Amino acid sequence: MEITWRWFGKNDKITLSMLRQIGVEGIVTALHEVPNGEIWSLEAIEDLKSYIESHGLRWSVVESLPVSEAIKYAGPERDELIEKYKVSLANLGKAGVKTVCYNFMPVIDWIRTDLYHPWPDGSSSLYFDMTRFAYFDTMILRREGAEADYSEAILAKVKELDKVITEEEKYDLIDSIIVKTQGFVNGNIREGDIDPVGIFRALLKQYDGITRDLLRENMRYFLAAIMPVCEEYGINMCVHPDDPPFPVLGLPRIVTCEEDIEWFLSAVDNPHNGLTFCAGSLSAGAHNDVVAMASRFASRTHFVHLRSCNVLPDGNFIEASHLEGRGHLVELVKIFQKQKADLPMRVDHGRTMLGDEDMGYNPGYSFHGRMLAVGQVQGMMAAVDQMQA
């Protein structure tokens, strides 16, 4: 596999020169300055590609060319937005950037309640606490009917939390769930927005009446529309699984399990319609056998995220060491190393450690923590190569 790294552009505090020194071969990035729904110009694509190549690296994967909300809920401007998306894809193809990671999650594309959950060794990682999330949903967002989505045991814990939680802790919860994890990736909410909860309520409102089946149909419609462009330019689309892989906030989630993946691959049965196999997202669901899924869908996997989670009681989960957890990364390396030599892989998130917390990195995207993970995965790849030789 090709070792890649998610890089957030020329203003990223982690430079391309630093990445060359730690064994990175390919870059995963996007035109983050372009608003959602607008066309990526060939000139802007080629400028960034040339900059990356000037550092001895290659632009391996686009993550992400965002799918606008109106495409997901089938708003009146859907077809116009799809046409713009097709132009951006064509421009990427002309520039020679041929792998595009995207997601089809409504409103919010990944959720954690704690961005710096401590480990005994002094490092920290991302964490999802169902009670804290339910508190946000029922007591801060006050979503209609939210209580029905949680067990009596969780709701009882929410009541206890309400007795002791401070206003600062409430602010931190809002910041973690709908601001910090979204704003740096062309999200719907940005740092500095005056009323993020109000904005979030309005975004959720757009999905009133959108069922699982309707969202599936909207995904099928989008993929069918863009496949001719993908075929013309040799572009592989690879959807990222829902994170976490279960319904949240009353929204349907449609890439959560083996059956979901089988559905969208069959609904538009084209080799350019593929999967980003994110072991971290999939392993956060106790219902998923990650190794079996990797084996089944390896031929339609165009991009790999190698990280791992531990599932805890009450639906909580924590991002584990790359050597541990339900992701079983050594087994995945065995599977994907056989698939194709140039399959791009990134270690995805890493722990916060050794001063990362003081550098202002995006949540989950530390330098030292990801560097450690790269070394661990490089070791797995070397060992697997020796065993398979």
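Nothing here was measured: the structure is a model prediction, and the numbers come from that model.
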Problem - Salt bridge flag under 4.0 Å for residues Glu259 and Arg216 - result: yes
Practice task
Report yes if the side chains of Glu2 and Leu343 come closer than 4.5 Å at any heavy-atom pair, otherwise no.
Solution key: no
Handout entry: Flag side-chain contact, heavy atom, 4.5 Å: Arg142 against Asp137
Key = no
Problem - Heavy-atom check, side chain of Leu173 versus side chain of Ile140, under 4.5 Å - result: yes
Handout entry: Short N-O contact, Arg143 and Asp149, less than 4.0 angstrom
Key = yes
Exercise for the section: Please check if any side-chain donor atom of Asp121 sits under 3.5 Å from a side-chain acceptor atom of Ser123, or the reverse. Expected result: yes
Handout entry: Verdict with supporting geometry, Leu249 and Leu141, side chain to side chain contact (heavy atoms under 4.5 Å, CB included)
Key = CA-CA 10 Å; Leu249 303 167; Leu141 186 63; 3.9 Å; yes
Exercise for the section: Please say whether more than 12 non-hydrogen atoms of neighbouring residues, nucleotides or ligands are located less than 6.0 Å from OH in Tyr171. Expected result: no
Exercise for the section: Decide, yes or no, whether a salt bridge links Asp79 with Lys84 under the criterion of side-chain N to carboxylate O below 4.0 Å. Expected result: no
Practice task
Take Arg220 and Val268 through the test side chain to side chain contact (heavy atoms under 4.5 Å, CB included) and record every step on the way to the result.
Solution key: CA-CA 7 Å; Arg220 186 209 62 78; Val268 180; 3.9 Å; yes
Practice task
Please round to the nearest 0.5 Å and tell me the distance separating atom CD1 of Ile335 and atom CD of Gln337.
Solution key: 11.5 Å
Problem - Crowding at NZ, Lys10 (>12 non-hydrogen neighbours, <6.0 Å) - result: yes
Exercise for the section: Start with the C-alpha gap between Leu275 and Phe303, add the side-chain angles, then the distance that decides, and say whether side chain to side chain contact (heavy atoms under 4.5 Å, CB included) holds. Expected result: CA-CA 7 Å; Leu275 174 67; Phe303 184 30; over 6 Å; no
Exercise for the section: In plain terms, say whether Arg132 and Glu160 are close enough for a salt bridge, that is, a side-chain N and a carboxylate O under 4.0 Å apart. Expected result: no
Exercise for the section: Share the residues that join Ile39 in a hydrophobic cluster, the rule being Ile, Leu, Val, Met, Phe, Trp or Tyr side chains under 4.5 Å apart at the heavy-atom level. Expected result: Val87
Exercise for the section: Check whether any side-chain heavy atom of Thr301 lies under 4.5 Å from a side-chain heavy atom of Cys238, and answer yes or no. Expected result: no
Exercise for the section: State whether the side chain of Ser308 and the backbone N or O of Gly327 hold a donor-acceptor pair below 3.5 Å, judged by distance alone. Expected result: yes
Practice task
Consider only side-chain N and O atoms of Asn310 and Glu324, and report whether a donor and an acceptor are under 3.5 Å apart.
Solution key: no
Problem - Check: Asp242 main-chain N/O paired with Thr256 side-chain donor or acceptor under 3.5 Å - result: no
Problem - From Tyr135 atom OH to Ile154 atom CD1, the distance as rounded to the nearest 0.5 Å - result: 15.0 Å
Problem - Euclidean distance, Tyr361 OH relative to Asp356 CG, rounded to 0.5 Å - result: 5.5 Å
Handout entry: Backbone of Arg253 reached by a side-chain donor or acceptor of Arg212 within 3.5 Å
Key = yes
Handout entry: Validation row: Ile111, Val248 side chains within 4.5 angstrom (heavy atoms)
Key = yes
Problem - Test applied, ring-ring contact (aromatic ring centres under 6.0 Å, His included); reference residue, Tyr73; option that passes from Tyr207, Tyr221, Phe104 - result: Tyr207
Handout entry: Expected output: side-chain Arg20 to main-chain His55 donor-acceptor under 3.5 Å
Key = yes
Practice task
Indicate yes or no: does Glu53 engage Arg58 in a salt bridge with an N to O separation below 4.0 Å.
Solution key: no
Exercise for the section: Pick out which of Asp243, Asp172, Asp129 makes a salt bridge (charged side-chain N to carboxylate O under 4.0 Å, His left out) with Arg112. Expected result: Asp243
Exercise for the section: Hey, can you tell me if Tyr365 and His349 have their rings parallel, tilted or perpendicular (30° and 60° cut-offs)? Expected result: perpendicular
Problem - Option from Ser124, Ser321, Ser125 for which side chain to side chain donor-acceptor pair (under 3.5 Å) with Trp119 holds - result: Ser125
Problem - Where at least one partner belongs to residues 295-304, residue pairs that pass salt bridge (charged side-chain N to carboxylate O under 4.0 Å, His left out), sequence neighbours excluded - result: Glu258-Arg296, Glu262-Arg296, Asp269-Arg300
Problem - Asp208, CG atom: more than 12 neighbouring heavy atoms under 6.0 Å - result: yes
Problem - Reported OG-to-CZ distance for the pair Ser366 and Arg351, which is rounded to 0.5 angstrom - result: 10.5 Å
Fill in the blank from the handout: Taken to the nearest 0.5 Å, the spacing of Asp348 CG from Cys278 SG works out to 5.0 Å
Handout entry: Any donor-acceptor pair under 3.5 Å from Thr4 side chain to Met345 backbone
Key = yes
Problem - Check: Asn270 side chain, His272 main-chain N or O, donor-acceptor pair, under 3.5 Å - result: yes
Handout entry: Phe128-Phe133 aromatic ring centre distance below 6.0 Å
Key = yes
Handout entry: Heavy-atom check, side chain of Asp260 versus side chain of Cys257, under 4.5 Å
Key = yes
Handout entry: Side-chain donor or acceptor of Asp12 paired with backbone N/O of Trp7 under 3.5 Å
Key = no
Handout entry: SB check Glu46 Lys49 (cutoff 4.0 Å)
Key = no
Practice task
Return yes if some donor-acceptor pair links the side-chain N/O of Asn273 with the main-chain N/O of Phe264 below 3.5 Å, else return no.
Solution key: yes
Practice task
Describe, in one word, how the ring planes of His117 and Tyr127 are oriented to each other, choosing from parallel (under 30°), tilted (30 to 60°) and perpendicular (over 60°).
Solution key: parallel
Problem - Donor-acceptor pair, side chain of His322 and main chain of Leu306, under 3.5 angstrom - result: yes
Handout entry: Over 12 non-hydrogen atoms of neighbours within 6.0 angstrom of CD in Glu43
Key = no
Fill in the blank from the handout: Interatomic distance, CZ@Arg201 vs CD1@Ile178, rounded to 0.5 Å, equals 9.0 Å
Exercise for the section: Taking Asn103 for its side chain and His240 for its backbone only, find out whether a donor-acceptor pair lies under 3.5 Å. Expected result: no
Practice task
Kindly indicate, with the supporting measurements, whether the criterion side chain to side chain contact (heavy atoms under 4.5 Å, CB included) is fulfilled by Leu332 and Val304.
Solution key: CA-CA 10 Å; Leu332 301 191; Val304 179; 5.9 Å; no
Exercise for the section: Applying side-chain contact (heavy atoms from CB on, under 4.5 Å), name anything that partners Ser299, two or more places apart in sequence or on another chain. Expected result: Gln339
